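Below you'll find the structure, written out as structure tokens, and then a few comments.
In this text the structure is predicted, and so the values were computed from the model without any measurement. Just so you know, these numbers use all the heavy atoms, side chains as well, and skip hydrogens, waters and symmetry mates. We name chains A, B, ... by the order of the sequence lines, and we start the count at 1 in each one.
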Protein chains: 4
Amino acid sequence: MASPPTSPALRAKYDRRRAQLVLDAAAVFARSGYDQTSVAELTDELDLAAGGLYHYFAGKEQLLIGICDELMEPILTTARQIAATDDSASDRLRALVRAWVAHVVEHRDHMLVFQQERHVIEHGAQWKGVRESRKAFERLVERLLGEAIDEGAATGDRRVLLSALLGMVNHTAQWYRPGGRVKVDALADGYVQLVCRR
Amino acid sequence: MASPPTSPALRAKYDRRRAQLVLDAAAVFARSGYDQTSVAELTDELDLAAGGLYHYFAGKEQLLIGICDELMEPILTTARQIAATDDSASDRLRALVRAWVAHVVEHRDHMLVFQQERHVIEHGAQWKGVRESRKAFERLVERLLGEAIDEGAATGDRRVLLSALLGMVNHTAQWYRPGGRVKVDALADGYVQLVCRR
Amino acid sequence: MASPPTSPALRAKYDRRRAQLVLDAAAVFARSGYDQTSVAELTDELDLAAGGLYHYFAGKEQLLIGICDELMEPILTTARQIAATDDSASDRLRALVRAWVAHVVEHRDHMLVFQQERHVIEHGAQWKGVRESRKAFERLVERLLGEAIDEGAATGDRRVLLSALLGMVNHTAQWYRPGGRVKVDALADGYVQLVCRR
Amino acid sequence: MASPPTSPALRAKYDRRRAQLVLDAAAVFARSGYDQTSVAELTDELDLAAGGLYHYFAGKEQLLIGICDELMEPILTTARQIAATDDSASDRLRALVRAWVAHVVEHRDHMLVFQQERHVIEHGAQWKGVRESRKAFERLVERLLGEAIDEGAATGDRRVLLSALLGMVNHTAQWYRPGGRVKVDALADGYVQLVCRR
DNA sequence: TATGAATGAGCCTTCATTCAT
DNA sequence: CATGAATGAAGGCTCATTCAT
């Protein structure tokens, strides 16, 4: 892989291009499968020659890491901010789920790619960073659920509630299409009600 | 691939061995990844030489189909039987979710492999049968949920409830270990309560 | 490969079976191709299990050798007898070509298999015997042609006449079907006329 | 297989290389046998790494098709031109056989490979084009022979004469070496005399 | 003799990656 | 920066052959 340009102007252009490539690649992988898409097929769709990709990424896997990072980091940051407010646990939970569902819907391709390669990500050494982000996010949700239970806003086993919430929200990527009958916030609120009402 | 033996005695032995291979392969794939496990690695763990697999399966993918069939068919049959009883919708739903969660837990390996290869299964032509089974099962759950709503046992959007239930139950395979604190039936009942209580 | 039985009665039965297998294999190979037919496919058509073949032949190639021997040896013997008579060169040539064409037609399968594997036979060390037979036969035809030229029954370059005769007679296997309009002897006589008339 | 370059300059280079590979492969296969030569052995002799072949050909068989096309198409075109002239049938026949023998001699490798794989070519579905060319050529020769018979330049059964001519000319590849005693045109004329003189 | 499960070397092909231009 | 030809390791699969039954 070539090093990025050092001149600031060129560096900005380079970074823009790189980010766009991650985005486009996410779409291609979501549609055609990460493993099932060869670098040749990918670069075809990216309007790049086979070798051109390696100016921006050290390898195919770096693209996958880029996709996962774009998926995890913003929602983790947002979740931390929401969790840190003074609202009631159930209010913070609702806000978090809304942001989370919106993020999943907006990053549907990223999510689908992440789920395709879940097994690899959970086991490979080079995936530690992504794994840590996922775990941090889940712990955060779990803490909030615990507080909601303590508050009386939810009942049941915290671990079970967490798993249910993770399952239902993440599964959203498999079927939800924006612009359909169900609005994102309504969907998020629906999920929260399932977990919170007694 | 060799044809199966025609003599009944040998055929039974052949079928037993084949079924066991599917079972063992599910375990290997669940642990090491379907795509990440070469046939050589697989047959190593199956105590077979590389070519030996092809006496029982026409290709690596047939193994995957075998795994998916073992996963889908029994639960679809069971679900149909449960749905056909005279109990109330919420009782049938609870029974179905109990059976379903138990099946997921007992076939954890199968489930994890299925989820690994979900993208391929949803798109490949040779996967039509497996896809139909999945859809039939989901329609069945959806119908039951609709009845539960009509009965007043559940409230909310049927489509959303369906997706939530699918998400939470299937996600169970990612974390649940039998012999832990949470019992299977309690877990299933917990899921049903989330969906059903008002 | 198991050794043949020593008891004369059993040995005769064994030899009969072996000869029949060569015959049947020739038909299968002629139709489906020697290289394109696996031992499994072959033994299927021979009503034998895969391993059964190895009671009669040390390997697939021994079958091919058997086919070639059945093809070469009788015609070589016959040709030698014909060449040794006191008839004129052109009469002996006619007699030889008649016998030869009849042999090719009756052993069409053998011939087609021989031609399929001609390259292997011409180069492999284990094929020396078959090669020698072919060369001996061709030398015999060449000598006869030389005599026919000396006699004035034919004109032209001996080497060219030989090659033409070999080409036309052997090519017969590619198209001739017994029972058609052209009779075998007429065909043979036609070939001889091409070579002999002035 | 990679798609050919779109830029005209590169495309020309690509086509040149591809054509040269077909030529070189014909020589290798003629010597070592198409079936007996692994892609690894072939690419060794082609000064290419194992995978490199697949930039130019979708598979080993495409090489064979390329070889056969180079063999059939030029002679078919030439034969059509010769047949369309106003010369007498026997003159056209002589011209055709001269061109044909020259082609066989110049494409000895192609011819030997074609004959090696004759069985496959006559039966495989993907070989229809090559088969049609062969048949078209043979029909053309047959028509010319018929005219020669009608003209009184040849006598005998048209079908037999055709088969004889095909056999002798094609067999030439098995033994003729350019630079020997017999010149190509003399050889061709010798063949024509066999067929034509009364 | 006969069976068919099992072997394992070898095959063709794919594909992420490199590098001269 | 970009190209695309070339690499070579690794993959899934075939098949002649062996051997316990």
Sugar-phosphate, base or nothing in reach of A/V39, heavy atoms under 4.0 Å: base

Protein-nucleotide distance (D/E41, atom CD; E/dC11, atom P), rounded to Å: 6 Å

Sub-4.5 Å side-chain heavy-atom contact between A/V130 and A/F114: yes

Nearest atoms (heavy-atom pairs only) where A/Q116 meets A/Y34: OE1-N, 2.7 Å

Side-chain heavy-atom pair B/T43, B/Y54 within 4.5 angstrom cut-off: no

Side-chain heavy atoms of A/I65 within contact of A/D69, under 4.5 Å: yes

5' to 3' contact window, DNA chain F with chain B (heavy-atom distance under 4.0 Å): F/dG11 to F/dT14

Nucleotide-level pairing of DNA chain F, given in dot-bracket where Watson-Crick and G-U pairs need both distances under 3.5 Å and | marks other strands: .||||||||||||||||||||

D/E122 side chain reached by D/R134 side chain, heavy atoms, under 4.5 Å: yes

Pairwise side-chain contact, D/H107 with D/V113, heavy-atom cut-off 4.5 Å (strictly under): no

Separation of atom CD in A/Q126 from atom P in E/dA16, rounded to whole Å: 15 Å

Interatomic spacing from CG in A/L21 to CZ in A/R18 - rounded to 0.5 Å: 9.0 Å

Contacts of type side chain to side chain donor-acceptor pair (under 3.5 Å), residue D/Q62, not counting sequence neighbours: none

Side-chain touch C/V22/C/F57, heavy atoms, less than 4.5 angstrom: yes

Strand contacts (DNA chain F) in residues 46-70 of chain D, 4.0 angstrom heavy-atom criterion: D/L48, D/A49, D/G51, D/G52, D/H55, D/Y56

Touch class at under 4.0 angstrom, heavy-atom based, for B/T37 against every strand present: sugar-phosphate

Within residues 10-32 of chain D: residues closer than 4.0 Å to DNA chain F (heavy atoms): D/L10, D/R17

Over all atoms of both residues, closest heavy-atom pair of D/L48 and D/R17: CD1-NH2, 3.3 Å

Side-chain heavy atoms of A/L112 within contact of A/Q115, under 4.5 Å: yes

Atom-pair distance (CG on D/L42; C1' on E/dC11), nearest Å: 14 Å

Sub-4.5 Å side-chain heavy-atom contact between C/D35 and C/E117: yes

Whole angstrom value for the distance that separates C1' of E/dG10 from CD of D/Q36: 14 Å

Under the side chain to side chain donor-acceptor pair (under 3.5 Å) test, residues paired with D/R31 that sit two or more places apart: D/E45

